[in-house]
*Asks:* 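Dropping a structure here in structure tokens format, bear with me for questions.
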2 protein chains.
Amino acid sequence: MLVSSKISVQKSTRKAQIFNASLELMRRMGYLSTSMRDIASAVKMEAASLYNHISGKEVILSETCFLMAEQLLKGLAEVNDIYFNPIEKLSLAVKNHVKVLTENTHAGWVFVHEWRNLSEENRIRFVALRDEYEKGFTTILKQGEDEGVFQDVNNKFAVLTILASLNWVVEWYKPQGDMTPEQIAEKLTEFILSGLKKENN
Amino acid sequence: MLVSSKISVQKSTRKAQIFNASLELMRRMGYLSTSMRDIASAVKMEAASLYNHISGKEVILSETCFLMAEQLLKGLAEVNDIYFNPIEKLSLAVKNHVKVLTENTHAGWVFVHEWRNLSEENRIRFVALRDEYEKGFTTILKQGEDEGVFQDVNNKFAVLTILASLNWVVEWYKPQGDMTPEQIAEKLTEFILSGLKKENN
DNA sequence: TTGCAATACTAACAAATGTTAGTTAGTTCA
DNA sequence: TGAACTAACTAACATTTGTTAGTATTGCAA
């Protein structure tokens, strides 16, 4: 296992209940449209009582975003440290990405969609992490190019396109669906590497 | 030209000014965080005066979303009607998609990101159009498979992944950037068809 | 010039929001 | 027992929000 999950393995503390309920609500209605009163009523308390457990609405968003970012970065770092073959690296990076996003589907969705609503300070920190993550992918592509395994593409363009397809997983992945995260990762890797044309192997 | 633009070729009526200012603000701050007072001050009037020109905040969002959807669908329909070769079809569908999204960058962004904030009634209508659009792409892929040009992939999966990469264009496209919409479309088509591996043609 | 339609304004509303203050009940533990 | 802590409550706050009502001004058509 590349990365350990903190969000999905929560003790059932009141704080954890609040987080879980919040993330579910935010996935359904969006961060801004989810009020503290909505959250409170989901965990059967008054809005004011939430402040005995969390310091404000934004920490739900920020803790989620930064935890996910941390997991993604950690996984990518491990991949970039350990394995040599660029194809293998890319494949493992994709697997890690899908794994992290699907481990807690609500958190994954909120992470992908709602980071824009972070306070300015947090947003700046977050974007820095995102840039770092993108750089990790760029490194893999560059290595692939240098070794003559990958086409000579516009790296920035390619990385963004790849990450776009990876992130879209949060849109339609269902734990009870007909594809496991591993299968999804495999299909995505295949798509990224070989595209649609049949002549390709 | 496959599709004519309505949003980008606006007469400078007061309503058009309001729409333009709104879309720019909404791209920067999001739909929900953009208040009528923000919009009003951007066009130098009072919030209440906006109602002489538009019936409410949501019409800005809904008109934008449905206009974009209409343009996308129209372009796709033309492609599916006229051309025969699936590869050519896909390539033209991609080109149309990128074209529509980049013609008015703010509208494109709002369309991709904010449709979730439509009223329930509009959201249902919108999702129906989106499903129809996805079906158009599925048809192309299926044809490619039947003719032995495309790999035998999970079509639903492939279409969603493809559209994800196409939509991500709104994230980073800049009219003054170093790639034209046509070049972007070309690169995307290449990526979708052939992937990253070098052995592919 | 008169009159009307278009467009702007001021004022205000009712609702919703995140959060704070102050209080109370229950539990833990010395 | 009693002190300290935890976690719930009620009440209220200051803002912000989209929108409406009513009124003034403007500019064009008759």
Side-chain angles (χ1 to χ4, degrees), chain A residues 10-66 110 113-123 126, chain B residues 10-66 110 113-123 126:
Chain A
Q10 282 157 332
K11 294 152 291 180
S12 196
T13 64
R14 214 76 175 94
K15 179 175 171 181
Q17 288 172 26
I18 292 171
F19 265 72
N20 287 334
S22 298
L23 293 175
E24 191 190 327
L25 284 169
M26 287 172 185
R27 193 209 174 131
R28 209 164 61 227
M29 326 199 295
Y31 172 73
L32 290 173
S33 300
T34 301
S35 74
M36 292 301 268
R37 284 165 183 82
D38 291 334
I39 296 169
S41 105
V43 294
K44 296 190 199 318
M45 63 169 83
E46 293 302 313
S49 307
L50 292 171
Y51 290 81
N52 287 317
H53 304 279
I54 59 173
S55 62
K57 188 184 176 187
E58 160 145 337
V59 305
I60 299 171
L61 182 58
S62 57
E63 279 198 25
T64 302
C65 287
F66 285 112
V110 169
H113 282 91
E114 303 288 9
W115 62 268
R116 278 170 232 274
N117 293 309
L118 288 167
S119 69
E120 192 180 351
E121 188 203 330
N122 279 329
R123 202 174 55 248
F126 180 88
Chain B
Q10 280 156 334
K11 293 153 290 180
S12 194
T13 63
R14 213 78 175 94
K15 178 175 171 182
Q17 288 172 26
I18 292 171
F19 266 72
N20 288 333
S22 299
L23 292 174
E24 192 191 325
L25 285 169
M26 287 171 186
R27 192 206 176 135
R28 212 165 58 226
M29 326 200 295
Y31 172 74
L32 290 173
S33 301
T34 300
S35 72
M36 292 300 268
R37 285 163 182 84
D38 292 334
I39 295 168
S41 106
V43 294
K44 294 186 200 320
M45 63 169 80
E46 294 302 313
S49 307
L50 292 169
Y51 291 80
N52 287 317
H53 305 279
I54 60 174
S55 61
K57 189 184 175 187
E58 161 144 338
V59 304
I60 299 171
L61 182 58
S62 59
E63 279 197 24
T64 301
C65 287
F66 286 112
V110 169
H113 282 90
E114 303 288 9
W115 62 267
R116 277 169 233 274
N117 294 308
L118 288 168
S119 69
E120 191 178 352
E121 186 204 331
N122 279 330
R123 203 173 55 248
F126 180 87

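Naming: A, B, ... by sequence-line order, numbering from 1 per chain. Predicted model, so just to flag it, every value in this text is computed and none were measured. Hydrogens, waters and symmetry mates play no part in the numbers below; they use all other heavy atoms, side chains included.
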*Asks:* In whole angstroms, how far is the C1' atom of C:dG18 from the CE atom of A:M36?
*Replies:* 7 Å
*Asks:* B:L61 has an atom CG; how far is it from atom P of D:dG18, in whole Å?
*Replies:* 13 Å
*Asks:* Could you tell me the separation between the CD atom of B:E46 and the P atom of D:dT23, rounded to a whole number of Å?
*Replies:* 19 Å
*Asks:* Rounding to an integer number of Å, can you tell me how far A:R37 CZ sits from D:dT10 P?
*Replies:* 13 Å
*Asks:* Mind checking B:T34 for me? I need base, sugar-phosphate or nothing, with any heavy atom below 4.0 Å counting as a touch.
*Replies:* sugar-phosphate
*Asks:* Round to a whole Å and report the spacing from CD1 of A:I54 to C1' of C:dT19.
*Replies:* 11 Å
*Asks:* Classify the ring geometry of B:F126 against B:W115: parallel below 30°, tilted from 30° to 60°, perpendicular beyond 60°.
*Replies:* parallel
*Asks:* Does D:dA8 have its OP1 or OP2 closer than 4.0 Å to a side-chain nitrogen or oxygen of A:R14?
*Replies:* yes
*Asks:* Using a cut-off of strictly less than 4.0 Å, decide whether B:S35 has a side-chain nitrogen or oxygen near OP1 or OP2 of D:dT16.
*Replies:* no
*Asks:* Any donor-acceptor pair under 3.5 Å linking the side-chain atoms of A:S49 with those of A:N52?
*Replies:* no
*Asks:* More 5' along DNA chain D: A:K44 or B:A48, using each one's nearest nucleotide?
*Replies:* A:K44
*Asks:* Could you give the CG-to-P distance, from B:L32 to D:dG18, as a whole number of Å?
*Replies:* 9 Å
*Asks:* Taking atom types as they are modelled, is there a donor-acceptor pair under 3.5 Å from the base of C:dA8 to the side chain of B:N52?
*Replies:* yes
*Asks:* The test is side chain to side chain contact (heavy atoms under 4.5 Å, CB included); show your working for B:M45 and B:Q17 and say whether it passes.
*Replies:* CA-CA 12 Å; B:M45 63 169 80; B:Q17 288 172 26; over 6 Å; no
*Asks:* Measure from CG on A:L50 to C1' on C:dG18 and round the result to the nearest Å.
*Replies:* 11 Å
*Asks:* For C:dA8 and B:H53 - does any side-chain N or O of the residue sit under 4.0 Å from the phosphate oxygens OP1/OP2?
*Replies:* yes
*Asks:* Under 4.0 Å between a side-chain N/O of A:S49 and OP1 or OP2 of D:dA7, yes or no?
*Replies:* no
*Asks:* In whole angstroms, how far is the P atom of D:dT17 from the CD atom of B:E58?
*Replies:* 18 Å
*Asks:* Using side-chain heavy atoms (C-beta onward) and a distance below 4.5 Å, is B:M36 in contact with B:I54?
*Replies:* yes
*Asks:* How long is the straight-line distance from CG of A:N117 back to CG of A:N122, given to the nearest 0.5 Å?
*Replies:* 12.0 Å
